[in-house]
2 protein chains.
Amino acid sequence: MLLLREVPQYECLLERSKRYPELDPSAMEAFLHLLRTSSEVFEAFRTMLSRHELSQGRFTVLVLLNRDPETPVNLADLAERSRVTRATMTGLVDTLERDGLVKREHSADDRRMLLVRLTSSGRTYLDKILPDYFRRVTLVMSQLTPDERKVLVSLMGKVQQSLPAIKAGPLPKSTIA
Amino acid sequence: MLLLREVPQYECLLERSKRYPELDPSAMEAFLHLLRTSSEVFEAFRTMLSRHELSQGRFTVLVLLNRDPETPVNLADLAERSRVTRATMTGLVDTLERDGLVKREHSADDRRMLLVRLTSSGRTYLDKILPDYFRRVTLVMSQLTPDERKVLVSLMGKVQQSLPAIKAGPLPKSTIA
DNA sequence: CGAATATGGTAAGGCGGCTTATTATCTGGA
DNA sequence: TCCAGATAATAAGCCGCCTTACCATATTCG
């Protein structure tokens, strides 16, 4: 995920909006700050995980399995909950299994399914990483008061509301500028 | 960029924090909402750009050059402002040039440098895409009032403040939980 | 019951980033 | 002045995700 390093000043956006009447400077400013900041946060965590030989995908799988370590989960479920394709999940589990952090088991109910279970060494490994991870999460939000955190969550909810429309095909030109 | 599809409920986070004392549920909740939402927004725009045969990287280069179409920019500057490595920028400009959207020119001042300029067809191409892009940006923020957008920008600023600390190596265990 | 369809997992190959190493050119100090 | 180090661009190869195509097994329905 990459984006501009510097977000343009509001005045620049205003200037650009003369050439592009569809450009709403206030919306663009919020948009750029949101995406730039979150991409930097994401990148920082990606870097931290890579120090433990984990990609975001591998880490997510371990975290999902760790929620209920006794209950193995099949690959398709893991893929869906991790937002990756089933093919990608095959690869993630391949490497996790190679490293001894998870293992595949045949399902008794459905012979198509393989269930993935966290091994004890996988659990140990994750427990070595999570405290540092959690401390970083706490730190990244440390400048926000409890109220501000609630506000952030609610703003994200409002952005979510618009997502289906954004994902649609070419937008009709709004009749109102 | 990928993350959990569903963000755990606050109660679940609270429950988890019993096992992991470093886990601050309120910080984690804000963190997960921020990253999930922005990754979905990012993905939606990625999809939209791919309909025009553009990756985020290719698009960013065109946008940067379009800010001042008469002034060509060297690859290292483009790379720095786009947050990609110079090697990646070489590849981006390769394909953009192959598609006739930009062209390389030798710098008169410094024989190491190549300056990249938007071609007229590149500019035309971009101008066909930008209105739709801007409309989507407006739409994604349409549920937020002007005040809420300002709040969002300021919250992102506060998150930015913590970034240097997050990017550092292993965190010392805070003396205060 | 048996065939069409759906679903689970995998393989092969693509794409867009990255790192590392190389070559060309510039610059600054002994 | 000229050499050591910086900087510009590129090449080669890696990695993590994707898409597409495939086979095995389940399920549904005529």
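A note on names: the letters A, B, ... follow the listed sequences, proteins ahead of strands, and every chain is numbered from 1. Reckoned from all heavy atoms, side chains included, excluding hydrogens, waters and symmetry mates.
- Near DNA chain D, defined here as any heavy-atom distance below 4.0 Å, the residues from residues 93-113 of chain B are B/R104, B/R112, B/M113, listed numerically.
- Within the nucleic acid shown, A/A76 comes within 4.0 Å of sugar-phosphate atoms alone, with no base atom in reach, counting heavy atoms only.
- Residues A/F59 and A/F45 place their aromatic rings such that the two centres sit no closer than 6.0 Å.
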Which atom pairs, one a donor and one an acceptor, fall under 3.5 Å between side chains of residues 148-158 of chain B and the rest of the protein, sequence neighbours left out?
from	atom 1	to	atom 2	distance (Å)
B/E148	OE1	B/T145	N	2.9
B/E148	OE2	A/K158	NZ	2.6
B/R149	NE	B/M141	O	3.4
B/R149	NE	B/L144	O	3.1
B/R149	NH1	A/D24	OD2	3.3
B/R149	NH1	A/S26	OG	2.9
B/R149	NH2	B/M141	O	2.9
B/R149	NH2	B/L144	O	3.4
B/S154	OG	B/V151	O	3.3
B/K158	NZ	A/E148	OE2	2.6

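- Comparing B/M89 and A/A87, the nucleotide of DNA chain D nearest to each residue sits closer to the 5' end for B/M89.
- Rounded to an integer number of Å, the gap from A/F59 CZ to D/dG16 C1' is 17 Å.
- For B/T88, a side-chain nitrogen or oxygen approaches OP1 or OP2 of C/dC18 to under 4.0 Å.
- When rounded to the nearest whole Å, the span between CG of A/L114 and P of D/dT25 equals 12 Å.
- Partners of B/R111 under the side-chain hydrogen bond (donor to acceptor under 3.5 Å, both in side chains) rule, at least two apart in sequence or in another chain, do not exist in this structure.
- Taking the nucleotide of DNA chain C with the nearest heavy atom to each of B/L54 and A/D77, the more 5' of the two is matched to A/D77.
- Contact of the A/V137 side chain with the B/L23 side chain is not registered, since no non-hydrogen atoms from C-beta on lie closer than 4.5 Å.
- A/S50 places no side-chain N or O within donor-acceptor distance of the main-chain N or O of A/E53, the cut-off being under 3.5 Å.
- Taking atom CZ on A/R46 and atom P on D/dC15, their separation rounds to 13 Å, with Å as the unit.
- Atom CG of B/L78 is separated from atom P of D/dA8 by 12 Å (rounded to the nearest Å).
- The side chain of B/T90 lies closest to D/dT10 when the candidates are D/dA8, D/dC18, D/dT10.
- Atom CG in B/L75 sits roughly 12 Å away from atom P in D/dA11 (whole-Å rounding).
- Contact annotation for B/T85: base contact, defined as any heavy-atom pair under 4.0 Å involving a base atom.
- Remark: side-chain polar atoms of A/S82 are not paired, donor with acceptor, to backbone N or O of A/A79 under 3.5 angstrom.
- Rounded to an integer number of Å, the gap from B/E43 CD to D/dT19 C1' is 13 Å.
- At whole-Å resolution of the value, CZ in A/R83 and P in D/dT19 are 13 Å apart.
- Following rounding to the nearest Å, B/E53 (CD) and C/dC15 (P) show an atom-to-atom distance of 11 Å.
- Side-chain atoms of A/S142 never come within 3.5 Å of backbone atoms of B/S162 as a donor-acceptor pair (strictly under, hydrogens ignored).
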